[in-house]
Amino acid sequence: MDAKRTPPPPPNPNPSVIGSGAAADGGGFGRGEAAAATKHMLAFHFLRALSRIHRATPVTRRTRTIRRAAYSSMARAASPRRAWSRALLGQARARRSRTLMRRAAVLVRRRVIAAPAPSPASAAAAAARGVRIIAAGETSAAARAPPRADALRRLVPGGAGMEYSSLLEETADYLRSLRAQVQLMQGLVDLFSYQ
């Protein structure tokens, strides 16, 4: 008997959505399938962000915008459980809100609305918020980590308050995502350079 072969289902471009591809069979995603799905999502988010950048934007600002789009798309394609992806997306949100605040400040200046001066008590409370007091016998996680961990904490987004073992896990995942981003960008350069 010659049985008809059905083509395999298309890969699921979003590994967090279950219901198509290998996840529907109950098999879940293997390491290679999940990496491929993440690369597809990275490409999708990056190309969508690139399509929003206008050609009329000055070159210096366009370069910065492309870099920010690359980081945001990489963070969106990664797992939301990763601290570095949450940190990158938080930076993007903060940048957007600062831009909106600047626009609102321009409108306020145009209307010439005077705001009351902040009280000295609120300034002292704001300065005290960022201070963490460590007890005499207590050691922080940063004090127990090797000296090179500080450099690693500065390089990995969101790594400032992590203990050493989770910092190494985040670094490995961040490097994996950076490698996928470089491969995507190199593929785009190769694609457009031959046309």
Side-chain angles (χ1 to χ4, degrees), residues 13-17 37-118 122-132 141-142 149-163 166-189 192:
N14 190 352
S16 62
V17 177
T38 302
K39 286 183 181 180
H40 288 300
M41 288 307 295
L42 174 64
F44 170 76
H45 288 297
F46 183 62
L47 290 174
R48 188 173 72 176
L50 281 180
S51 70
R52 293 178 181 165
I53 298 173
H54 301 289
R55 291 182 189 264
T57 308
V59 174
T60 56
R61 207 165 130 220
R62 193 180 320 155
T63 304
R64 188 179 327 128
T65 308
I66 290 171
R67 184 178 64 232
R68 288 176 180 165
Y71 279 129
S72 293
S73 62
M74 183 175 66
R76 281 189 183 96
S79 171
R81 289 184 222 124
R82 292 294 178 187
W84 65 264
S85 67
R86 289 193 311 267
L88 284 176
L89 290 174
Q91 289 172 2
R93 282 188 206 104
R95 196 177 306 113
R96 257 184 267 129
S97 67
R98 278 193 308 264
T99 303
L100 292 175
M101 293 298 284
R102 273 190 232 121
R103 288 179 186 164
V106 168
L107 291 175
V108 168
R109 273 188 242 127
R110 287 182 184 164
R111 292 181 191 155
V112 191
I113 297 176
S122 66
R129 267 187 241 137
V131 177
R132 181 175 181 263
D150 291 333
L152 201 55
R153 282 188 178 95
R154 285 191 300 270
L155 289 174
V156 177
M162 281 187 208
E163 50 183 58
S166 59
L167 177 67
L168 291 176
E169 288 178 24
E170 290 289 327
T171 304
D173 189 62
Y174 184 59
L175 287 176
R176 229 177 282 123
S177 295
L178 282 175
R179 183 176 293 135
Q181 183 185 36
V182 167
Q183 289 172 350
L184 170 68
M185 291 178 144
Q186 188 61 49
L188 288 173
V189 166
F192 289 117

Q: For the residue pair K39 and L184, establish whether any side-chain heavy-atom pair is separated by less than 4.5 Å.
A: no
Expected list for residues 72-81: side-chain donor-acceptor pairs under 3.5 angstrom, two or more places apart:
unit_1 : atom_1 : unit_2 : atom_2 : d
S72    : OG     : R68    : O      : 3.1
S73    : OG     : A69    : O      : 3.0
S73    : OG     : A70    : O      : 2.9
S79    : OG     : R81    : N      : 3.2

Q) If you round to the nearest 0.5 Å, how far is CG of L168 from CE of M162? A) 10.5 Å
Q.
What's the separation between atom CE in M185 and atom CG in L42, rounded to the nearest 0.5 Å?
A. 8.5 Å
Q.
To the nearest 0.5 Å, what is the distance between CG on L152 and OH on Y174?
A. 11.0 Å
Q. Is there a donor-acceptor contact under 3.5 Å from the side chain of E170 to the main chain of A83?
A. yes
Q. Measuring from M101:CE to R98:CZ, what's the distance to the nearest 0.5 Å?
A. 11.5 Å
Q. With a 4.5 Å heavy-atom cut-off, do W84 and S177 have their side chains touching?
A. yes
**Q.** Distance-minimising heavy-atom pair for R153 and A160
**A.** CD-O, 3.4 Å
Q. What are the two closest heavy atoms between Y71 and L178, and how far apart are they?
A. CE2-CD2, 4.3 Å
Q: Considering non-hydrogen atoms only, spot the tightest contact between L188 and F46 and give its length.
A: CD1-CE2, 3.5 Å
(Q) For the CG atom of L47 and the CZ atom of R52, what is their distance to the nearest 0.5 Å? (A) 12.0 Å
